[in-house]
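One structure below.
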4 protein chains.
Amino acid sequence: MPTGEAHPRRVGGRIRSQDAHDAVLAAAIELVEELGYQAVTIEGIANRADVAKSTIYRWWKSKALLVLDGYRTAVGQRMPEPDTGSLAGDLTAFATALYGVSEHPLRVRTLRGLMAEAQLDPAFAQPFREWVESRRAVVLTLLTRGAERGELPADADLEAATDHLFGLFWYRLLVGHRPLTAKEAPAHVAQLLQGLGGTESR
Amino acid sequence: MPTGEAHPRRVGGRIRSQDAHDAVLAAAIELVEELGYQAVTIEGIANRADVAKSTIYRWWKSKALLVLDGYRTAVGQRMPEPDTGSLAGDLTAFATALYGVSEHPLRVRTLRGLMAEAQLDPAFAQPFREWVESRRAVVLTLLTRGAERGELPADADLEAATDHLFGLFWYRLLVGHRPLTAKEAPAHVAQLLQGLGGTESR
Amino acid sequence: MPTGEAHPRRVGGRIRSQDAHDAVLAAAIELVEELGYQAVTIEGIANRADVAKSTIYRWWKSKALLVLDGYRTAVGQRMPEPDTGSLAGDLTAFATALYGVSEHPLRVRTLRGLMAEAQLDPAFAQPFREWVESRRAVVLTLLTRGAERGELPADADLEAATDHLFGLFWYRLLVGHRPLTAKEAPAHVAQLLQGLGGTESR
Amino acid sequence: MPTGEAHPRRVGGRIRSQDAHDAVLAAAIELVEELGYQAVTIEGIANRADVAKSTIYRWWKSKALLVLDGYRTAVGQRMPEPDTGSLAGDLTAFATALYGVSEHPLRVRTLRGLMAEAQLDPAFAQPFREWVESRRAVVLTLLTRGAERGELPADADLEAATDHLFGLFWYRLLVGHRPLTAKEAPAHVAQLLQGLGGTESR
DNA sequence: CATTAACCGAGACGGTACGTCATGTCTTGGC
DNA sequence: GCCAAGACATGACGTACCGTCTCGGTTAATG
C-alpha cells in the first residue's frame, strides 16, 4: 500500500528516496510520542529526520496526513477481525482490543491529535473520515455476520450500534473524565447487545 | 454570571468595561459563525470588537476559553432538565434537545472547535472537561431519579449510560460520517434503556 | 527649589503628598543604579515607590525629566566653582571634579541615559540643554575671570574652549573606548590653555 | 562589502535576495530622513521595503545595526584621508569634511540616533564603538604621519588630540546649543595643534 | 553514454499571528 | 482635589512556523 501520495508516470529523474520517506515517518512518530501532537512541527520533523522541509511537503500535504500515515505504519493494522463463533464473543474481543489503545500514550496522543486536526482542517477531515470508516467497517462486518446467524432482530440498527461502540470509546478518550480499561469491554458489549434486542442474554 | 474570569475583590482601579467585555464575546461568536473556529484569531476578534488585544488577554487566557465563554453566553443554558415523570420521557426530551444542536451550524462549529482545542491545549482541557461534566451531570440526575423510582436495576452503570448518550452524539458530530437528527433520539433512548435492563419497554 | 513642576493656585482638595514625590525620586535613582537607565520604566518606578502611575505623570512629563530631577536631587550641586587665583588652577580643579564622575557608575549610567533621551525625545532636548548650559556657564565664568586677569588673549574663543573641555569628557563617556581618569585633567587643561594662547605655561 | 552580516559559506539554500537586502537599507535611510531615528520602526521599514519582518530580523539584530549599515551604504566612506603634505593641512581638510556633516539633516539625525542607541542598548555599543574607532583611526593616522615628519613633539598625546577633535564635534551635535560650521574648522585645528605644542604656527 | 528531469539538502523568502510589554489616559472609591 | 489601584486603547516588539521558492548537486531511466 503506497503511503505518501501516488504520483503520475515518471519520465525520468531521480527516484524518490525510500530512506528519506521512512525517516520522516519514524521522526514524526517519535516526536508525537515525545512532545505530543500539538507541539510537533513540520520543521521539527525535518530536523529530526535530517531531511529537507520540501521533501516532506513533496510527499504529504499536512502534518496530519503525515502523522496518520506514520501511525498506520508504526502501529500497524492492529484492529483485529475476530471470529469466535458468537457475536458477543466477536464484539468483546474487538472492544477489548479497542479499549486497550488507552493504555498506550503514543496512540492516545496521536488519536486525540488527529481527531482535533480533523475538526480544524477541512482538507484533512475527509481522509480522516475514510480511515475512521475503515475501522467502523470491521465492526459492521461482525454485526452483519451475527445478524445473519440470527443473533439479532432483523430490524436492528447496526450503524447506530457501531457508533455506540466507537462513540463511547472516543468520548472517554477525548474528554478524559475517566479512564477506559479493557476490563469494561464485556459489560459494555453485553449492554449494547441487550439494547439491540439480541438473544445472547438468554 | 461566570463570564470572563472572576477576579478578586477590587479595592480601586477603573471599573471593568462591560461594553468591552460584551463586544468581545459577541465578536467571537460572530466570527466563529462566519469563518469557523479555526480561522478565528484573537487579533481578528479584537479588531471586530474594537477593543485592544491586551484587554482580551487580560480576561481570557486563550481563544478557546473566550469562545467557550461566548458560547455559553450566546447559547445560554439551553440544556433542559426535563421532568416528565418517566425516565424514558426525560431522556427522550433531553436527547432530542441535544441532537437538535446538530441543526445549528454555529453550534456545531463551536463544539467541534472546542473539542479540538481541548485535545491540543492542555491548559484548556480542564476547563473544557468541567464544562462537559456539567452537562453530564444533567443526564446523571435524570438517571438517578429514574433509578430511585425503580425504573432501573439497582446495579445499572449510570456513568456508562451517560457516556453512551453523549458518546454517540459527539462521535457523529466530530466524524461527520452521518447526520444526527432529533428524530433518532427516541430510538436511541429506548435502546439505551433496554441495554440497562430498564422496565420501560413493557 | 520646587522640583517636579509648579502648579497653579490650588483651590481646594487634598494637598500633594511630599512623601509620594520623594519616594518617586528615590525609587528612580535606585532603579537606574540597579538596572541602568534603559531598563527603568515608569511602571517600575511606581511599583518601587508604592505610588500610582498617575501620580508620577502628574509631576513629571517623562522618565527623562524625572531621572534628571532625581539626579540633581541625589547628586546635588556637586559641580564646584573653584577660585584658586589662577585660571589654570581653577580649570584643573573643575576638570578634576568633572572627570571624577566617571568613577561613579550611577552617574555614568544616568548621564548616558539622559544624553540618549535628549537625542530621541525632542520634548526632553530643551530641558536637557538648559541643564547642560548651566554647567557650561560655570566654565565660562572661570574663563571670563581668567581673561579679565589677562591670562588669555583678548580674542580667545571662550565658548569653543568650553566645548572642548566638555566635548572630550562626553565623548569618552559616551563612546567608552577608553576610560577617563581624574589624573588626566591637568594635562588636558594645560593643552587647552596652550591652544588658547594662554600665558600659563611660563 | 560589510553589509548585513557576513554569513558562513553557503552549502545550499536559496540565495540571498539582493533586492530585498537593498530595499531594506534604502527604506531604513528614507524613513530616518522622513521621521527621525526614534520614530522609525522595524515594522515600518518592512512595510516600506515590501519585505517580511522576518527577513529583516534574519540579517540584522536591531534597528540600530540596520541603520548603521544603511548609513554606511548610503553615505559611503566619505571620511576623506587627506594628504596635503602638512599636518595642519590634513587636519583642516578632515575637520572641514567632518563639520560638514552638520549641514545634512539625514546625517545629523542618524548620528544622534545611533549615539543614543549605543547608550541604551549594550548589544549595539560594541559595533558602534568599532565604527567610531574606524573613524578615529583616520585622524590618528594623520597625526602619526605628522609626528613622523617632526611636526609634533615626540611626547604629544595623539589619542587625546583625536578625542578632542571628535569630542567637540559630537558635543555640539548632540547638545545642539550652537551650530557647528565648516568655517570653524581651521581655527579649531590651529588651536588643537598649538595645544599639542606643534611647530606649525611659526 | 549523454541527456534530462525529478529528486534531495539547505535555507531564504513573504506571511501571519502570536503573546508580551510599556506607554499615557481614564475612571473608580477613599481620604 | 489628590491619591492608589488598575482597566483601557495603542502599537511595536521579537518569535515561531507556515508553505513556497530557489539554489547546487545527485541519481536513475530514456533516447
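Proteins get letters first, then strands, A, B, ... in listed order; numbering begins at 1 in each. Values below: all heavy atoms of this structure, side chains included; hydrogens, waters and symmetry mates excluded.
- Following rounding to the nearest Å, B:R48 (CZ) and F:dA9 (P) show an atom-to-atom distance of 17 Å.
- Annotation for D:I29 and D:Y71: closest pair CD1-N, 3.6 Å, computed over non-hydrogen atoms.
- Following rounding to the nearest Å, D:Q18 (CD) and E:dA12 (P) show an atom-to-atom distance of 14 Å.
- Using modelled atom types and a 3.5 Å distance limit, the side chains of B:N47 and B:E43 yield no donor-acceptor pair.
- In this structure, A:W59 reaches the E:dC8 phosphate: one of its side-chain N or O atoms is under 4.0 Å from OP1 or OP2.
- Side-chain N or O atoms of C:T110 include one that pairs as donor or acceptor with a backbone N or O of C:L106 at under 3.5 Å.
- Between the side chain of C:R48 and the main chain of C:A27, no donor-acceptor pair closer than 3.5 Å is present.
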Letter per nucleotide, 5' to 3', of nucleotides 14-19 of chain F [B base touched, S only sugar-phosphate touched, - untouched; heavy atoms, 4.0 Å]: BB-SBB
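- Straight-line distance from the CD atom of D:Q38 to the P atom of F:dC13: 11 Å, rounded to whole Å.
- Comparing E:dC13, F:dC3, E:dC8 by their closest approach to the side chain of D:A20 singles out E:dC13.
- OP1 or OP2 of E:dG14 has at least one side-chain nitrogen or oxygen of D:T55 nearer than 4.0 Å.
- The backbone N or O of B:P122 sits nowhere less than 3.5 Å from a side-chain atom of B:Q126 that would complete a donor-acceptor pair.
- Between the CG atom of C:D19 and the P atom of F:dC3 there is a distance of 11 Å, given to the nearest Å.
- The side chain to side chain contact (heavy atoms under 4.5 Å, CB included) check on C:A23 picks up C:A49, with sequence neighbours excluded.
- Atom pair A:I56:CD1 and F:dT20:P shows a separation of 13 Å (rounding to whole Å applied).
- When rounded to the nearest whole Å, the span between CG of C:D22 and P of F:dC3 equals 12 Å.
- If you take CG of B:D121 and C1' of E:dC18, they are 13 Å apart, rounded to a whole angstrom.
- With rounding to whole Å, D:L66 atom CG is found 11 Å from F:dC13 atom P.
- The side chain of B:W60 places no N or O atom within less than 4.0 Å of a non-bridging phosphate oxygen (OP1 or OP2) of E:dG19.
- Residues D:Y37 and C:Q119 have side chains that never bring a donor and an acceptor to within less than 3.5 angstrom of each other.
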